[in-house]
Each structure stands twice: as C-alpha cells, then as structure tokens.
Amino acid sequence: MSIRKVAVLGSTGSVGKQALEIIDARPDLELHSILCRRNIGLLLQQKEKFLPSISAIVSPEGNIPPDIIKGAEVLDQAVEGADIVLNAIVGSAGLRASILCQKLDIPLALANKESLVIGGELLRDHLKAGKVIPVDSEHSTIERCLQSEKRPVRGITLTASGGSVLLMPIDEIRTAGPERILKHPTWEMGARITVDSATMVNKAYEVIEAGWLFENIPVEVVIHPQSIVHSFIRLEDGSWKALLGQPDMRIPIQFALEWPDRELDVIAGDKPFDWGTLAFSRMDEERYPAFNTVVQTGIDGKTFPAVANAADEVAVQAFLDGRILFGNIAEIIDEVLSLHRSYHIRSLEDVLEADRNARTVAAGIVSKLC
Ligand code: MG
C-alpha cells in the first residue's frame, strides 16, 4: 500500500492530537506537516515526537525557533505536497484552508464544519468532485452508511445528545452558568463546541453541513442522550441503517485519512452490553430556541449562515467570560441576523466581510447587555 502524506492543520487541538497518534501508529500514513494557531509549546513537542517535514505557526508570539515556519505563506507551505489535508482548525478561520485544498486539488478530511456552514458555496467544485470527506462523527457515519447503498435513500437523521441542558428544568436554562453548561454528558470536547451543543447550534450547523455533503436528502434530528448511535439513514423501504459504538473521534478521523477504501485498524473494543439502554426522543424546541434560527440560515443561504456563526462565536465567548447569560446567546444570534442585509457569496472576502460586520454588531449587543 502506498504511503499517504498527511497535513494536520490545527494539530494542537483535540482532533489534531488524536490524528497525530493515528498517523504515528500506521505505517501507511506519513506526517507531512503540522500547523497550529499559537500553542508553540505543544507544537514543539509534537515536532520532536512525530517528526513532520514541516511545522508551522499562524500567530507566533515571543521567540519562535527558526525551523518553525511562520508568516503570510504558512498555510500554503503546510498544505503543498500533502496527499490529504486534515482541516481541524477551529472556527471560521478554517475556511481559507479548505478553499486552498480545492485550489490545489488535494482531498480534504474536514473536521472544521464552519468551512461548509459559512462557505459551502465556495467549495462546490471540491464537493462535486467527492473530495470533501467529513470527520464530524455524524457525517462520517452517514458517509459510511451511504457507501454501499445503490438506491436513493429517504432521509438522514442526525443524532444529538441534547447537551447539558437536556434534563435541566426549563426555567433554569436561561440563567445556567458556564460550570453547568460545560458538563457535557457524553462527548469530551472544547468549550465552544460544548456550549454549541447545549444551545443545539452545533446540531444546526451539522444540518447545514449535511445539506452540502449529501445534497437533496432530507435531514432531521433526533435526541439520543447516550451518543451510541452516531446517526442514521432511512432506506427506500422505511428501514433504518446506522453506525453504533462508544463515542470516539479516532474512528471518524481514521476513516477519513484512509478514505475511500483502505484498510482500517481496530480502535474500539466496546460490546453492545456496554452501551446500556438506548433512548430516542423528539427534540423539545422550547429548550433550544437557537436551533431553528440557525437551521433557517442554511435554507436562506447567502451570508446568513456566516452571520449566525460569527454572532454565535462572540456570544459564546461572552457567556464563557461570564459577561452574558446562557439565554442571551440565542437572542444575540437572532438580533444580529435581523439587522443583517444579506448578499450572495462569491469570494472568501465576501464571507470574511459578513463575519467581521456580524462580530462588530454582536459585540455591541453584548456590551449593552453587561
Ligand atoms: Mg458532530
């Protein structure tokens, strides 16, 4: 089997770290490059341990050793020469990297869902060419379920844990503090995505993401607190197909890096009796007011999803900083969207401009609230 050279963008984050372990353990994968935003300490450790050809930092602070690449061209240097790029950059900053993969015609293992949420329009060619491989666990599941289906499917059902507010008394949700919201029941993730899963904004992004990846298949969401079923497809005859197992991001990461049909190593050791009782229920929309708002931006298209994402990023940070209430997050997204005058996206700059303006508006609303 040929060696595949992997660029890991966002190597110091949770997905990036797990990817390095997988690449290290597999003789058919070679670490081409690592890139991080600013965690130079961990980047240096990774460089020493995993020996990539290129190590790069986007926002260097202080003394950076000369063999670490920095400056305006870091992204190009990290991506060029790779056989596949894992984009695990956090937030809207990941879109530029995804567009670059399309330009250089390099398969893109996509953990940065914002790329599709805010800039799906700009990635149409790569999507059409089948070169965007989802790393998001739900979409990886759908991809695998669809792989052997020859007939059209009726629908996609994304599972959602319901986050930390699932069982909270509804009148306590609005004022719940970060310590309560950050207690995610099943998945271990960064702070922002944990808040986004409590508001269900993350799931709304995933609905939009599914719309780009699996065009023309209707998408629904079901609450499944155990996170054992990683999503379903519904077949022509009404029966269901799913992928099950303990939540473990290494499974979708390995699948994407070995896509489309290379051999996979055993990662999980769980058995069905480890899972306990599996439950499914309808989503209570009152509990998650931001969900429909953000899903609607995907239907409206244009700059709306980028604006929702920017407003959400600002609001979530303000919440984590203790400046606003949890309930304000949905209200801020709503208000920023209602003030936005949308336009069609033709370039990265179009998206970035909408993003910048929305951040300014959101920050203004935050400072009025505190
Ligand atoms: Mg997910």
Checklist line | Euclidean distance, His32 NE2 relative to Glu80 CD, rounded to 0.5 Å | finding: 8.5 Å
Next item on the list: Look only at the side chain of Glu121 and the backbone of Lys302, and say whether a donor-acceptor pair between them is shorter than 3.5 Å.
Entry: no
What side-chain donor-acceptor pairs closer than 3.5 Å can you find for residues 109-118, not counting sequence neighbours?
residue	atom	partner	partner atom	Å
Asn112	OD1	Ser115	N	2.9
Asn112	OD1	Ser115	OG	2.6
Asn112	ND2	Ile89	O	2.8
Asn112	ND2	Gly91	O	2.7
Asn112	ND2	Glu114	OE1	3.4
Lys113	NZ	Asp136	OD2	3.0
Lys113	NZ	Asn202	OD1	2.6
Lys113	NZ	Glu206	OE2	2.9
Glu114	OE2	Arg192	NH1	3.0
Ser115	OG	Gly94	O	3.4
Ser115	OG	Ser98	OG	2.7

Note to self: Whether Glu21 and Lys49 form a salt bridge (side-chain N of Lys/Arg under 4.0 Å from carboxylate O of Asp/Glu) is what I want to check.
What the structure shows: yes
Notebook entry, point to check: Can you hop from Ile170 to Phe326 via hydrophobic side chains spaced under 4.5 Å?
Noted result: yes
Next item on the list: May I have the step-by-step check of side chain to side chain contact (heavy atoms under 4.5 Å, CB included) for Ile329 and Val316, ending in yes or no?
Entry: CA-CA 7 Å; Ile329 298 173; Val316 168; 4.3 Å; yes
Item checked: Heavy-atom side-chain proximity of Ile332 to Leu369 below 4.5 angstrom -> yes
Notebook entry, point to check: In terms of heavy-atom contacts, does CZ of Arg96 have more than 12 from other residues, nucleotides or ligands at under 6.0 Å?
Noted result: no
Item checked: Neighbour count >12 (heavy atoms, 6.0 Å) for atom CZ, Arg359 -> yes
Item checked: Separation between CD1 of Ile233 and CG of Leu146, rounded to the nearest 0.5 Å -> 4.5 Å
Next item on the list: Indicate the atoms forming the closest heavy-atom contact of Leu43 with Thr12, along with that distance.
Entry: N-CG2, 4.0 Å
Note to self: Using a 6.0 Å cut-off, check whether atom CD of Glu286 has over 12 heavy atoms from anything other than its own residue.
What the structure shows: no
Checklist line | Minimum-distance pair of heavy atoms, taken over all atoms of Ile228 and Pro247 | finding: CD1-CD, 4.4 Å
Checklist line | Exercise: identify the closest heavy-atom pair between Thr303 and Ser342 | finding: OG1-CA, 3.2 Å
Margin query: Could you report the tightest heavy-atom contact between Ala363 and Val314, atom names first, then the distance?
Written below: N-CG1, 3.9 Å
Check: What distance do Leu244 atom CG and Ser227 atom OG have between them, rounded to the nearest 0.5 Å?
Finding: 11.5 Å
Margin query: Taking salt bridge (charged side-chain N to carboxylate O under 4.0 Å, His left out) as the criterion, tell me which of Lys241, Arg154, Arg144 meets it with Glu149.
Written below: Lys241
Check: Above 12 or not: heavy atoms from other molecules or residues under 6.0 Å from CD of Glu48?
Finding: no
Margin query: Regarding Asp274 and Gln246, do their side chains bring together a donor and an acceptor under 3.5 Å, going by distance alone?
Written below: no
Next item on the list: Find out whether Met283 and Lys203 are in side-chain contact, i.e. whether some heavy atom of one side chain is under 4.5 Å from a heavy atom of the other.
Entry: no
Check: Within a strict 4.5 Å, meaning less than it, do heavy atoms of the Glu143 and Leu213 side chains meet?
Finding: no
Under 3.5 Å, side-chain donor or acceptor atoms of residues 57-79 against the rest of the protein: list the pairs with distances, not counting sequence neighbours.
residue	atom	partner	partner atom	Å
Glu61	OE2	Arg38	NE	3.2
Asp67	OD2	Lys47	NZ	2.9

Next item on the list: List in chain and number order the residues that pass side-chain contact (heavy atoms from CB on, under 4.5 Å) with Thr297, two or more places apart in sequence or in another chain; answer none if no residue qualifies.
Entry: Ile208, Val294, Phe304, Pro305, Ala308, Leu337
Next item on the list: Could you tell me which non-hydrogen atom of Phe255 sits nearest to which non-hydrogen atom of Ser140, and how far apart they are?
Entry: CD2-OG, 3.8 Å
Next item on the list: Not counting sequence neighbours, list each pair that qualifies as a ring-ring contact (aromatic ring centres under 6.0 Å, His included) and has a residue in residues 193-225.
Entry: His224-Phe280
Note to self: Which Ile, Leu, Val, Met, Phe, Trp or Tyr residues join Leu243 in one cluster when any pair of side-chain heavy atoms under 4.5 Å counts as a link?
What the structure shows: none
Next item on the list: Please report the shortest heavy-atom distance between Gly16 and Val8, naming the atom on each side.
Entry: CA-CG1, 4.0 Å
Check: Is the backbone N or O of Ile84 less than 3.5 Å from a side-chain atom of Arg4, with the two atoms forming a donor-acceptor pair by type?
Finding: no
Next item on the list: State the NE2-CG distance between His126 and Leu108, to the nearest 0.5 angstrom.
Entry: 5.5 Å
Next item on the list: Test Phe291 against Val221 for side chain to side chain contact (heavy atoms under 4.5 Å, CB included), laying out the working first.
Entry: CA-CA 10 Å; Phe291 175 79; Val221 171; 3.8 Å; yes
Notebook entry, point to check: Does Glu236 reach the main-chain N or O of Arg151 with its side chain, forming a donor-acceptor pair under 3.5 Å?
Noted result: no
Check: Is any side-chain heavy atom of Met249 less than 4.5 Å from a side-chain heavy atom of Val135?
Finding: yes
Margin query: Evaluate Lys17 against Leu42 for side chain to side chain contact (heavy atoms under 4.5 Å, CB included), listing each step before the verdict.
Written below: CA-CA 10 Å; Lys17 284 191 275 192; Leu42 184 52; 4.0 Å; yes
Notebook entry, point to check: Can you tell if the side chain of Met200 reaches within under 4.5 Å of the side chain of Arg287, non-hydrogen atoms only?
Noted result: no
Note to self: side chain to side chain contact (heavy atoms under 4.5 Å, CB included) for Ser2 and Arg262? Distances and angles first, verdict last.
What the structure shows: CA-CA 10 Å; Ser2 61; Arg262 305 189 3 149; 3.5 Å; yes
Notebook entry, point to check: Got Tyr288 and Thr293 here, is their nearest side-chain heavy-atom distance under 4.5 Å?
Noted result: no
Margin query: I want to check something: taking the side chain as every heavy atom from C-beta on, are Leu352 and Leu95 in contact at a cut-off of under 4.5 Å?
Written below: no
Notebook entry, point to check: Can a salt bridge be assigned to the pair Glu349 and Arg356 using a cut-off of 4.0 Å between side-chain N and carboxylate O?
Noted result: yes
Notebook entry, point to check: Given the rule that I, L, V, M, F, W and Y join up when any side-chain heavy atoms are under 4.5 Å apart, are Leu235 and Ile217 in one cluster?
Noted result: yes
Margin query: Whether Glu220 and Arg234 form a salt bridge (side-chain N of Lys/Arg under 4.0 Å from carboxylate O of Asp/Glu) is what I want to check.
Written below: no
Notebook entry, point to check: Going only through I, L, V, M, F, W and Y residues with side-chain contacts under 4.5 Å, is there a path from Val229 to Val207?
Noted result: no
Next item on the list: Establish whether Trp259 and Ile267 are linked, either directly or via other cluster members, by ILVMFWY side-chain heavy-atom contacts under 4.5 Å.
Entry: no
Check: Got a second to check how far Ile253's CD1 is from Arg250's CZ, nearest 0.5 Å?
Finding: 9.0 Å
Next item on the list: Spell out, yes or no, whether Leu35 and Ile22 are grouped together once hydrophobic residues are joined by side-chain heavy atoms under 4.5 Å, including indirect joins.
Entry: no
Notebook entry, point to check: Does Ser231 use its side chain to pair, donor to acceptor, with the backbone of Thr159 at less than 3.5 Å?
Noted result: yes
Next item on the list: Indicate yes or no: at least one non-hydrogen side-chain atom of Phe319 is less than 4.5 angstrom from one of Pro178.
Entry: yes
Next item on the list: Sequence neighbours left out, what pairs pass side chain to side chain donor-acceptor pair (under 3.5 Å) with at least one residue falling in residues 320-337?
Entry: Arg174-Glu331, Gln317-Asp321, Asn328-Glu331
Item checked: Gap between atom OG1 of Thr141 and atom CG of Leu158 - 0.5 Å precision -> 9.5 Å
